[in-house]
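Worksheet: the structure to be examined is printed underneath.
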Protein chains: 2
Amino acid sequence: MSHMLAETERRTSKIRAVDVLRQYAIAPTQQRVEIAQLLLSKPQHVTAEQVMAMVNVDRPRVSKATVYNTLGLFARKGLVKEVIVDPTKIFYDSNIDSHYHFYCITTGQLWDVGAETVQLRGLPPPPEGAVVDSVDVIIRLRPIAPPPETDEVV
Amino acid sequence: MSHMLAETERRTSKIRAVDVLRQYAIAPTQQRVEIAQLLLSKPQHVTAEQVMAMVNVDRPRVSKATVYNTLGLFARKGLVKEVIVDPTKIFYDSNIDSHYHFYCITTGQLWDVGAETVQLRGLPPPPEGAVVDSVDVIIRLRPIAPPPETDEVV
DNA sequence: ATTGGTGCAAAGGATTTGCAGTCTA
DNA sequence: TAGACTGCAAATCCTTTGCACCAAT
């Protein structure tokens, strides 16, 4: 983030963000619009901490509590998708098209894997009384030649 | 846990547990054997909290720190698999055969989905410099006719 | 003796919550 | 003005860590 970009380039327009929030039945408050603009600017995976930092770059705009509450709300409403790959934090994915993920267990990086080319078949039907909410596919990656672990050899 | 079961029925034999630990290059201390016996008794998904409760039913045997350290060690060594489906806790899976999971987002229940019948194809190759560590498939379930949320409408 | 393992309590980190002040319809 | 939202700080919850004691080689 070393260079300045015009607001209109760096972020989704305020108008559009308000519009999208309304579509998802979310009251467009100032803070929610700020966060939505960031998220909707492009497909990305961000943590609450990152949103907190991004939205408050130049000056305080949104408090930590509101960032957490807002991301939770967005996820419940379907504006973004939670990605559960790391037990220590939640990623929020602004790409809500059906897709899967590469996740590097060493660096914590996340990449999208488009669902178009992937064939996932033969899944058993859900247990009685339940319906499928979503299907996650996470391909966990490891760098080649991993650094020697604290594990010993037999 | 209202009925008593003989130790030999409820748990994997101590001999076998020691043996398995050795196979995984884990020094078989008393505490690790206790935990391994529980885990290996059957395919199951347990949290650290549950292990803590199970292993200490009749009398204190293993401390909380040791339960956490031991489960982490077992996972690193490959004796059990961590299942990351809930951002608030880790499940440890004593079934290390290739398989996938149903996860009820309402009740937190986990079921195994055998990998035999599932066809997962067309995955793109991993990014340069990385190799696939594992592939998780999580089918998130929701009870039919979910209870009304605390969400507001515009 | 040395090394590793355990237990306790304290620390840590992400997320949630209580509550008073603020905004908006 | 009422109902909703925000911000701050305190509280929670799961997990990790520091460190002294214990165990096994």
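Both backbone and side-chain heavy atoms feed into the values below; hydrogens, waters and symmetry mates do not. The chains referred to below are lettered A, B, ... by the order of the sequence lines, with proteins before strands, and numbering in each begins at 1. Note that the coordinates shown come from a computational prediction; the quantities given were computed from them, not determined experimentally.
Of the possible donor and acceptor atoms, one in the side chain of A:N56 sits under 3.5 Å from a partner among the backbone N and O of A:R61. B:T47 places no side-chain N or O within donor-acceptor distance of the main-chain N or O of B:I90, the cut-off being under 3.5 Å. Of the possible donor and acceptor atoms, none in the side chain of A:R121 sits under 3.5 Å from a partner among the backbone N and O of B:Q119.
Between the P atom of D:dA4 and the CG atom of A:L21 lies a distance of 18 Å, rounded to the nearest Å. What separates NZ of B:K64 from P of C:dG5 is a distance of 22 Å, to the nearest Å. Rounding to whole angstrom units, CZ of residue B:R22 and C1' of D:dA24 are separated by 12 Å. In this entry the distance linking CD of B:Q50 with P of D:dC14 reads 11 Å, nearest Å. Note: OH (A:Y68) to C1' (C:dG13) measures 9 Å, nearest angstrom. For B:K89 and D:dT12, the NZ to P distance is 18 Å, given to the nearest whole Å. Look at CD on B:Q31: it is 13 Å from C1' on D:dC21, rounded to the nearest Å. The CG-C1' distance, from B:D86 to D:dC14, rounds to 11 Å in whole Å.
Ionic pairing of A:R16 and A:D19 is not present here: no N-O contact between side-chain nitrogen and carboxylate oxygen is shorter than 4.0 angstrom. A salt bridge links A:D133 with B:R142: the distance from a Lys NZ or Arg NE/NH1/NH2 to an Asp or Glu carboxylate oxygen falls below 4.0 Å.
The shortest distance between the side-chain N/O atoms of B:T29 and the OP1/OP2 oxygens of D:dA24 is not below 4.0 Å. Within the structure, every side-chain polar atom (N or O) of B:T66 is placed at least 4.0 Å from both OP1 and OP2 of C:dT6. Neither OP1 nor OP2 of C:dG13 sits under 4.0 Å from any side-chain N or O of A:T88.
Listed nucleotides: C:dT17, C:dA9, C:dG5. Nearest to the side chain of A:A65: C:dT17.
The nearest heavy atom of DNA chain D to B:Q30 and to B:A48 marks one nucleotide each, and the one closer to the 5' end goes with B:A48. Summary of the strand contacts: A:N69 and A:E49 both lie near DNA chain C, and taking for each the nucleotide with the nearest heavy atom, the more 5' one is attributed to A:E49. Each of B:P87 and B:R32 was matched to the nucleotide of DNA chain C holding its nearest heavy atom; the match closer to the 5' end belongs to B:R32.
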